Each structure stands twice: as structure tokens, then as C-alpha cells.
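When reading the values below, keep in mind they use all heavy atoms of this one structure, side chains included, and skip hydrogens, waters and symmetry mates. Numbers restart at 1 for each chain; the letters A, B, ... are given by sequence-line order, proteins then strands. Values in this document were obtained by computation on a predicted structure and should not be read as measured data.
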Amino acid sequence: KNEVEQSPQNLTAQEGEFITINCSYSVGISALHWLQQHPGGGIVSLFMLSSGKKKHGRLIATINIQEKHSSLHITASHPRDSAVYICAVMYQGAQKLVFGQGTRLTINP
Amino acid sequence: SQTIHQWPATLVQPVGSPLSLECTVEGTSNPNLYWYRQAAGRGLQLLFYSVGIGQISSEVPQNLSASRPQDRQFILSSKKLLLSDSGFYLCACERNTEAFFGQGTRLTVV
């Protein structure tokens, strides 16, 4: 069982829609990362969270420590947002990042 | 700022040939370093991680090995590649909960 669960696995939406991708984890963490992977494979770090909420442009990431849950939101989605979005966590006391399986997002024009 | 250099970006190798992928980190010292593999259509799987020079932990049994000869250098190797070694290999660095990623290497074993 993967220690980091993402949902949905695949998401297709129309341009302009509000997008939510979810990430759940099993025990206490020191940090959670949201990453974006484009078809070429390169990975870009979007956010690092340990509490609360962060916003960058049309992207918003939230985390609820008590519920062990994080969400990534995209407002006014655009076809260029199409990518795989990956959640990764660093568990407290651990020394390794654990990745979720990723959510493949496709935004149609 | 921290950066990771990972090369090559793409690689085509015959079955049975050796492999060496290199990852170097700039802008930090004593980072935790990771090698991940992503098979086609799958998520990122941790292969090795290292918390210091010469310290390597392996997550899954496999045909690969890793070494960390210097603080900011992490190498993924194989003596004889298998077809099943094909995939996308990613180097990552973590320090004080901040994580950075290389651009990855797409390996095709033919």
C-alpha cells in the first residue's frame, strides 16, 4: 500500500474550470511537496508546505495537518496546465521523500 | 540557491552494457540524495537514498547500484543492463525539508 495516496488518478476538464487534486498520507510529516511533471519528464517543484496555505499565481496549495490531507487547486485552468501533478512527503524522523502515484491532468481548450 | 545537474538527458544502451548516471548538487552541503525510477505509466519509485558520503540505502532489490564518492555527487550504476531497466531516472536532493529535482534521464535499453 502506497503511503501517499493521490486522487483522482486522471482528471480531464475544460479550459477555465477550477481544478482540485487531493493527497492523503498516513503519519506525521515534516514537509509536503507538490510537483509538476511535464511530458518530457522534467519535474518542477510548485510548493513546499508544512502548514496552512500557499498561493502562487493561479495555483493554491493547502494542508490540514490534523486530517493528514493536502489539496492543490488550479483556478481558471488552461491547456498549458496539462501535466502530471505529484504529491511527495517527508515523514517526521525519516530521511526519504515518498511520492504519490501522480494525477494526470488534461485541460481541453 | 540549490541546483541539481543530472546527465545525460536521454540514453539508449544495449542489453548487457554498463550504465553510469551522474548527479551533482550545487548550493548546499550535506544534502540527502535520492535516485528514483519511473517506469512507463507508473509513479516514481525510490531506488536508493544517501544521507552522507559512502552511505547508501537500497529500497528495492534490483540490477542497479549507487555510490556517493563526494558530498554532492551521487552516481547510479549497473554492470549489465536489462531490458527491464528502461525508464525515467530522477535524482533528487533534500536539505532542511526543501527538495530539488534534476531534469531526469530517459533510459532505453534495446
Hphob cluster co-occupancy, [X] + [Y], side-chain heavy atoms under 4.5 angstrom:
{"X": "L47(B)", "Y": "I56(B)", "result": "yes"}
{"X": "L72(A)", "Y": "I65(A)", "result": "yes"}
{"X": "I53(B)", "Y": "V51(B)", "result": "no"}
{"X": "L81(B)", "Y": "L83(B)", "result": "yes"}
{"X": "L64(B)", "Y": "V15(B)", "result": "yes"}

Identify which part of I86(A) has an atom lying under 4.5 Å from any heavy atom of chain B, answering side chain, backbone, both or neither.
side chain
Measure L35(A) against the heavy atoms of chain B and call it side chain, backbone, both or neither at under 4.5 Å.
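When you check distances to chain B, only side chain atoms of L35(A) fall under 4.5 Å.
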Point-to-point distance, once rounded to the nearest 0.5 Å, from SG of C91(B) to CD1 of I43(A)
11.5 Å
Heavy-atom cut-off 4.5 Å, strictly under: side chain, backbone, both or neither for L44(B) against chain A?
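For L44(B), the contact with chain A is made by backbone and side chain together.
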Give the atom names and distances for all donor-acceptor pairs closer than 3.5 Å across chain B and chain A.
residue: Y34(B); atom: OH; partner: Q95(A); partner atom: O; Å: 2.7
residue: Y36(B); atom: OH; partner: L97(A); partner atom: O; Å: 2.6
residue: Q38(B); atom: OE1; partner: Q37(A); partner atom: NE2; Å: 2.9
residue: Q38(B); atom: NE2; partner: Q37(A); partner atom: OE1; Å: 3.2
residue: G43(B); atom: N; partner: Q101(A); partner atom: OE1; Å: 3.3
residue: E59(B); atom: OE1; partner: K96(A); partner atom: NZ; Å: 2.9
residue: E59(B); atom: OE2; partner: K96(A); partner atom: NZ; Å: 3.3
residue: T97(B); atom: O; partner: H33(A); partner atom: NE2; Å: 3.0

All pairs passing disulfide (SG to SG under 2.5 Å) where residues 26-65 of chain A contributes a residue, at least two apart
none
